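Beneath this line is the structure, given in structure tokens, with notes to follow.
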Amino acid sequence: MPETVLLGTEPLRPEQVVAVARDHSPVAVSEAVEKNLAATRQHIDNLAHAETPTYGVSTGFGALATRHIPLESRTALQRSLIRSHAAGAGPVVETEVVRALMLLRLRTLTSGYTGVRPQTAQALAALLNAGITPHVHEYGSLGCSGDLAPLAAVALALMGEGEVAYRGEVVPADEALKHAGIEPIVLAEKEGLALTNGTDGMLGMLLLAAADLRKLLDTADITAAMSVEALLGTDRAFAADLQALRPHPGQALSARRMWTALQDSKIVESHRGPDCNRVQDAYSLRCAPQVHGGARDSLTHAELVAERELHSAVDNPVVLSDGRVESNGNFHGAPVAYVLDFLAIPLADVASIAERRTDRMLDKARSHGLPPFLAFDPGVDSGHMIAQYTQAAIVSELKRLAVPASVDSIPSSAMQEDHVSMGWSAARKLRKAVEGLNTVLAIELLTAARALDMRAPLVPSPVTGRVRDLVRTKVEGPGPDRHLAPEIAAAEELVASGAVLAAAQLEV
């Protein structure tokens with residue numbers, strides 16, 4: 001049974017978000033939080049009955065903020081807000097993204113700064129625990145006044161409206177709620193805004209991408225070491241004394257991992273000494289720690305931004321501890337959007353350098369004795385030629401995905417929301433880029449494993465040998481009459497699952 005994630009006084013940790021999003025860990029709201037929500041809600045109830053209008057409580061929204069809404073129309077106002085904002089289009093986004101978004105909105109609701117009732121927060125927790133996933137569409141968020149359309153789709157399901165995924169089927173929300181024993185929520189003053197004003201979608205995708213990229217960058221160090229070995233490269237460029245001359249922490253870690261992976265390699269030892277005619281290796285081999293390390297340091301910065309956002313209460317207006325309800329701009333997605341875009345750049349470069357190493361192993365003129373395209377029978381079969389084409393196509397796409405979304409802005413809401421972050425768009429393209437890097441590294445893994453086999457009777461290092469043996473066991477090597485697509489798919493699974501890292505047993 002997965003450990004329950006408690007929404008209490010402490011901020012959520014990134015791994016908790018991933019656990020709820022991917023592993024369906026249950027969530028719970030602490031008693032202390034419920035008491036705080038009830039106390040904060042009293043401030044909203046008082047303002048709701050006051051003669052002076054308060055934005056978000058007794059007025060319209062956005063460009064209609066100056067209109068005072070009579071008490072008898074407030075419930076209709078909240079319902080109308082959610083229905084009108086749940087206007088997304090395009091394909092339905094992934095379950096893990098929606099679950100992360102739901103948990104992160106719940107996190108802000110339970111902060112006590114939004115003014116929602118305790119039962120509204122509990123209903124959202126119940127939705128998560130029941131495995132009910134509202135249909136959130138690809139398009140609809142500008143990443144500014146919250147991820148409005150995506151979050152409104154979740155709020156719509158809380159009201160018992162719209163479509164949801166439940167137990168493997170697409171069903172009406174009211175049907176799923178009834179089956180799960182959840183009473184639909186009738187939203188009170190301020191709750192419509194509280195459920196929709198947040199950076200939760202883009203933050204959720206950042207946290208999921210960061211978790212994947214940590215694993216992929218570790219994998220890239222291993223596949224690069226295998227390629228260096230297969231290409232009769234040297235490990236000397238990765239030595240600690242050389243790396244210390246440029247003390248970037250990510251570079252040092254990648255170099256140390258590659259150095260460790262190549263120790264006791266009979267292939268590397270075979271070309272040491274005065275008879276070696278190699279002066280220095282190509283950049284794609286020698287500079288791998290600099291590229292991988294730069295990506296690591298970029299990811300560290302992005303994780304710092306994500307951690308700060310996890311400590312934030314993003315809503316507008318917010319309810320302060322003294323009862324004041326204040327408008328603010330904390331919902332703007334710029335801080336998150338920038339790092340989502342930033343990560344797409346080093347990700348594309350890590351994929352690009354991996355593709356260059358792969359191509360080098362397939363080129364008879366540069367592979368130092370390997371057969372053309374690593375073919376069993378060159379001329380009769382093409383070996384890994386088209387696998388590298390696949391890498392090249394993906395790398396080209398990753399370069400396009402590295403073009404930032406956050407430099408754009410499209411004014412909306414009658415020019416009230418006249419500058420937006422496009423953070424949701426940055427997050428969507430980053431998810432696609434992470435998937436592309438996974439495939440590029442899987443192809444380098446396949447190619448390097450095959451090249452190491454072709455260096456027999458020389459034996460690879462213990463680390464790279466274990467990884468190569470994993471590929472032998474899990475991926476059936478293609479012969480001249482077999483196609484590579486199933487092998488690439490199997491290698492993708494090895495990379496994504498962490499099996500490569502487990503086989504490497506590389507602790508540095």
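None of the values given here were measured: they were computed from a predicted structure.
Formation of a donor-acceptor pair under 3.5 Å by the Ser396 side chain with backbone atoms of Ala392 is not found in this model. Using modelled atom types, one side-chain atom of His137 and one backbone atom of Gly90 make a donor-acceptor pair closer than 3.5 Å. A donor-acceptor pair under 3.5 Å links the side-chain atoms of Thr234 to the main chain of Arg236, judged by distance alone. A donor-acceptor pair is defined here as one N or O able to donate and one able to accept, closer than 3.5 Å; no such pair exists between the side chain of Thr464 and the backbone of Pro460. At distances below 3.5 Å, not a single donor-acceptor pair connects side-chain atoms of Thr223 with backbone N or O atoms of Leu445. The backbone N or O of Ser141 lies less than 3.5 Å from no partner atom in the side chain of Asp147, so there is not a single donor-acceptor pair. A distance-only check finds no donor-acceptor pair linking the side chain of Trp259 to the backbone of Ser254 [under 3.5 Å]. Judged by distance alone, with hydrogens and angles left aside, the side-chain atoms of Arg466 form a donor-acceptor pair with the main-chain N or O of Ala503 at under 3.5 Å. Arg286 places a side-chain N or O within 3.5 Å of a backbone atom of Asp281 that can act as its donor or acceptor partner. In this structure, the side chain of Asp297 engages the main chain of Gly250 through a donor-acceptor pair within 3.5 Å.
Between Arg296 and Asp218 there is a salt bridge, since a side-chain N of the basic residue sits under 4.0 Å from a carboxylate O of the acidic one. Ion pair Glu94/Arg428 flagged as a salt bridge, since at least one NZ, NE, NH1 or NH2 atom sits closer than 4.0 Å to an Asp/Glu carboxylate oxygen. Between Arg472 and Asp469, at least one side-chain nitrogen of the basic residue sits less than 4.0 Å from a carboxylate oxygen of the acidic one, meeting the salt-bridge criterion. For Lys266 and Glu269, the salt-bridge test fails: no basic side-chain N is under 4.0 Å from an acidic carboxylate O. Glu15 and Arg13 are joined by a salt bridge, as a carboxylate oxygen and a charged side-chain nitrogen come within less than 4.0 angstrom of each other. Using a cut-off of 4.0 Å between Lys/Arg side-chain N and Asp/Glu carboxylate O, Arg22 and Asp212 are scored as salt-bridged.
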So Ser461 and Asp264, side-chain hydrogen bond (donor to acceptor under 3.5 Å, both in side chains) or not? Walk me through it.
-> CA-CA 5 Å; Ser461 80; Asp264 301 320; over 6 Å; no
Test Ser421 against His332 for side-chain hydrogen bond (donor to acceptor under 3.5 Å, both in side chains), laying out the working first.
-> CA-CA 7 Å; Ser421 78; His332 199 288; 4.8 Å; no
Apply salt bridge (charged side-chain N to carboxylate O under 4.0 Å, His left out) to Arg272 and Asp235, showing your working.
-> CA-CA 10 Å; Arg272 289 201 200 275; Asp235 58 359; 2.9 Å; yes
Going through the distances and angles, do Asp315 and Phe331 end up as a side-chain contact (heavy atoms from CB on, under 4.5 Å)?
-> CA-CA 6 Å; Asp315 193 16; Phe331 51 75; over 6 Å; no
Determine, stepwise, if the pair Thr300 / Arg214 fulfils side-chain hydrogen bond (donor to acceptor under 3.5 Å, both in side chains).
-> CA-CA 9 Å; Thr300 297; Arg214 277 287 164 203; 3.0 Å; yes
Evaluate the criterion side-chain hydrogen bond (donor to acceptor under 3.5 Å, both in side chains) for residue pair Ser111 and Arg107; output intermediate values, then yes/no.
-> CA-CA 6 Å; Ser111 70; Arg107 168 196 63 93; over 6 Å; no
Does the pair Leu484 and Ile443 meet the rule for a side-chain contact (heavy atoms from CB on, under 4.5 Å), with working shown?
-> CA-CA 10 Å; Leu484 267 172; Ile443 292 173; over 6 Å; no
Where do Glu397 and Lys432 land on the salt bridge (charged side-chain N to carboxylate O under 4.0 Å, His left out) test, with the steps shown first?
-> CA-CA 10 Å; Glu397 175 70 7; Lys432 188 173 182 182; 3.3 Å; yes
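For the pairing with Pro289, the side chain to side chain contact (heavy atoms under 4.5 Å, CB included) check across Arg257, Arg246, Met258, Arg256 returns one residue only, Met258. When each of Asp359, Thr358, Ile353 is tested with Glu355 by the rule side chain to side chain contact (heavy atoms under 4.5 Å, CB included), just one qualifies, namely Asp359. Evaluated for a side chain to side chain contact (heavy atoms under 4.5 Å, CB included) with Val500, the options Leu506, Ile222, Leu441, Val471 yield exactly one hit, Ile222.
Between Pro134 and Ala153, the shortest heavy-atom distance links the atoms CB-O, 3.7 Å. Across all non-hydrogen atoms, the minimal contact from Val395 to Ala351 is CG2-O, 3.6 Å.
Leu470 places none of its side-chain heavy atoms less than 4.5 Å from the side chain of Val475. The shortest distance between side-chain heavy atoms of Ser406 and Tyr338 falls below 4.5 Å. Residues Val339 and Ser298 fail the side-chain proximity criterion, which asks for heavy atoms closer than 4.5 Å. In this structure, the side chains of Leu231 and Leu285 come closer than 4.5 Å at one or more pairs of heavy atoms. You'll find the side chain of Leu347 reaches within 4.5 Å of the side chain of Leu430, heavy atoms only. Inter-residue side-chain proximity for Leu213 and Leu437 is flagged as met; some heavy-atom pair is nearer than 4.5 Å. In this structure, Leu304 and Arg308 have side chains that are in contact, with non-hydrogen atoms separated by less than 4.5 Å.
Expressed to the nearest 0.5 Å, how far OG of Ser227 lies from CE of Met361 amounts to 3.0 Å. In this structure, Thr196 OG1 and Asn316 CG are separated by 10.0 Å, a value rounded to the nearest 0.5 Å. A distance of 10.5 Å separates CG of Leu458 from CG of Leu452, quoted to the nearest 0.5 Å. To the nearest 0.5 angstrom, Ile386 atom CD1 is 14.5 Å from His483 atom NE2. The structure places CG of Leu362 at 8.5 Å from CD of Gln391, a figure rounded to the nearest 0.5 Å.
Of the N and O atoms on the side chains of Gln16 and Ser25, not one donor lies less than 3.5 Å from an acceptor on the other residue. Side chains of Arg99 and Thr95: a donor-acceptor N/O pair is absent below 3.5 angstrom, by distance only.
Taking the six-membered ring for Trp and the full ring otherwise, His368 and His271 have centroids separated by 6.0 Å or more.
For Gln505, the CD atom counts as densely surrounded, since its 6.0 Å shell holds more than 12 non-hydrogen atoms of other residues, nucleotides or ligands. Within 6.0 Å of NZ on Lys215 lie more than 12 heavy atoms contributed by other residues, nucleotides or ligands.
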